[in-house]
Undergrad: 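Encoded as structure tokens, here's the structure I'll be asking about.
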Amino acid sequence: MIIGRPTYFFESLASTNDYAAQLIHAKEPVEGTIIDTAHQTQGHGQKGRIWNSPQGANITLSIILRPHWLDIERQFMLNVMASLAIMETVSAYVANDVKVKWPNDVYVNHHKISGILIHNGLQGKLLNYSIIGIGLNVNQTTWPEEILYPTSLARLCSHQMDIAAVKERLLENVEKYYHVIRQNPSCAFEQYQRALYRRDEVSDIYLNDTHVRGIIRKIDPYGRLMVATIEGQQLFEVGEISFSKPL
Ligand code: BTN
């Protein structure tokens with residue numbers, strides 16, 4: 001197992017992604033290095049949002065990878081890897097359908113249980129490093145009002161979970177899917193497509209300033225969302241979509 005060797009653990013840390021970036025620029029951390037904290041105080045979410053987590057409640061960690069073998073045009077496969085690893089982890093505890101809301105969120109019953117924030121460092125046409133930041137709600141059961149539709153394993157299972165056991169399973173799954181996207185990328189890609197949230201349903205989709213009504217059909221090989229609309233097919237570049245008008 002390469003994932004988690006070494007692991008730097010902090011009782012409290014502003015952001016595991018930030019710490020991982022500092023480590024990469026100051027030293028040469030090996031592939032698989034993890035930055036983990038029990039209490040993230042200034043975590044980053046998508047679109048400049050915050051992703052904080054109460055002391056000891058959730059999984060908030062970042063994994064440093066060196067996917068030199070991955071063509072930069074296929075860097076979306078790292079999102080696929082992280083999403084599948086989280087989905088498999090969550091599915092081990094809950095019976096409900098676990099879905100991936102393109103590109104980076106994991107949903108159960110229309111509620112978000114996990115978010116992923118990936119930062120890729122390029123060197124020319126190669127991927128020099130990738131920081132895979134994962135926030136997975138485990139034992140949190142209440143959230144500030146501004147967090148829309150959150151859930152957690154504890155909420156879904158109606159009891160508190162052994163967070164160390166969940167983390168161990170998650171890291172095993174990351175290791176597993178890191179191999180799968182290298183050895184059998186089309187299989188991983190298909191699995192991701194099958195789990196797409198709201199696939200084949202009519203939806204109002206908002207991305208930045210764009211709004212379309214259409215049907216999510218699939219993801220193209222570059223990670224773009226393909227939506228069938230009345231005017232024909234539209235492609236969305238990787239970004240964050242919402243299904244209701246953003247606040
Ligand atoms: C999102 O859904 O908005 C993405 C959330 C990503 C949160 C994780 S928690 C660990 C890592 N460190 C950060 O600062 N962010 C990511």
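Remember, it's 1-based here, ligands and their atoms both numbered in the order they're listed.
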Undergrad: Select one of side chain, backbone, both or neither to describe which atoms of N104 lie under 4.0 Å from any atom of ligand 1, heavy atoms only.
TA: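 Neither part.
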
Undergrad: Would R169 count as a cation-pi partner of Y93, with NZ or CZ less than 6.0 Å from the six-membered ring centre and within 45° of the ring normal?
TA: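 Yes.
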
Undergrad: Near G43, which atoms of ligand 1 are under 4.0 Å from a heavy atom of that residue?
TA: 14 (O)

Undergrad: Would a line drawn from the ring center of H110 to the ring center of Y197 be shorter than 6.0 Å?
TA: yes

Undergrad: Can you check whether F76 and Y192 have ring centres sitting under 6.0 Å from each other?
TA: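 They qualify: ring centres under 6.0 Å apart.
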
Undergrad: Step through the shown structure and confirm whether more than 12 heavy atoms of other residues, nucleotides or ligands are within 6.0 Å of CD on Q123.
TA: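 No, CD of Q123 has 12 or fewer neighbouring heavy atoms, counting only those of other groups under 6.0 Å.
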
Undergrad: Could you tell me, atom by atom, which parts of ligand 1 come under 4.0 Å of a heavy atom of G135?
TA: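 Selected atoms, number and element: 8 (C), 9 (S).
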
Undergrad: If the test is salt bridge (Lys or Arg N to Asp or Glu O under 4.0 Å), which one of R194, K218, R217 qualifies with D200?
TA: R217

Undergrad: Give the atoms of ligand 1, by number and element, whose distance to some non-hydrogen atom of S15 is under 4.0 Å.
TA: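 Near S15, meaning under 4.0 Å from one of its heavy atoms, ligand 1 has 12 (N), 13 (C), 14 (O).
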
Undergrad: Contact between ligand 1 and R49 is defined here as a heavy atom of the residue under 4.0 Å from a ligand atom; is it met?
TA: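 R49: no contact with ligand 1 (<4.0 Å).
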
Undergrad: Counting heavy atoms only, which part of D105 comes closer than 4.0 Å to ligand 1: side chain, backbone, both or neither?
TA: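 For D105, only side-chain atoms sit under 4.0 Å from ligand 1.
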
Undergrad: Just which atoms of ligand 1 are under 4.0 Å from any heavy atom in G45?
TA: 1 (C), 3 (O), 4 (C), 5 (C)

Undergrad: Do you see a donor-acceptor pair shorter than 3.5 Å between the side chains of Y178 and E31?
TA: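 Judged by distance alone, the side chains do pair up.
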
Undergrad: Nearest non-hydrogen atom to atom 11 (C) of ligand 1 belongs to which of T16, I118, N52?
TA: T16

Undergrad: Near H44, which atoms of ligand 1 are under 4.0 Å from a heavy atom of that residue?
TA: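 Here the atoms of ligand 1 in question are 5 (C), 6 (C), 7 (C), 13 (C), 14 (O), 15 (N), 16 (C).
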
Undergrad: For the pair D36 and K167, find out whether any cationic side-chain nitrogen is under 4.0 Å from an anionic carboxylate oxygen.
TA: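 Result for this pair is yes, salt bridge flagged.
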
Undergrad: Quick check on contacts: which atoms of ligand 1 are under 4.0 angstrom from a heavy atom of I116?
TA: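 That gives atoms 4 (C) of ligand 1.
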
Undergrad: Is there a heavy atom in K112 that sits closer than 4.0 Å to ligand 1?
TA: yes

Undergrad: N/O of Q46 under 3.5 Å from N/O of ligand 1, yes or no?
TA: yes

Undergrad: Can you check whether W102 and Y107 have ring centres sitting under 6.0 Å from each other?
TA: no

Undergrad: Based purely on interatomic distance, does Q42 place a nitrogen or oxygen under 3.5 Å from a nitrogen or oxygen of ligand 1?
TA: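 Looking only at distances, the answer is no, because the N/O contact criterion of under 3.5 Å is not met.
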
Undergrad: Quick one: do E88 and K176 make a salt bridge, cutoff under 4.0 Å?
TA: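 Result for this pair is yes, salt bridge flagged.
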
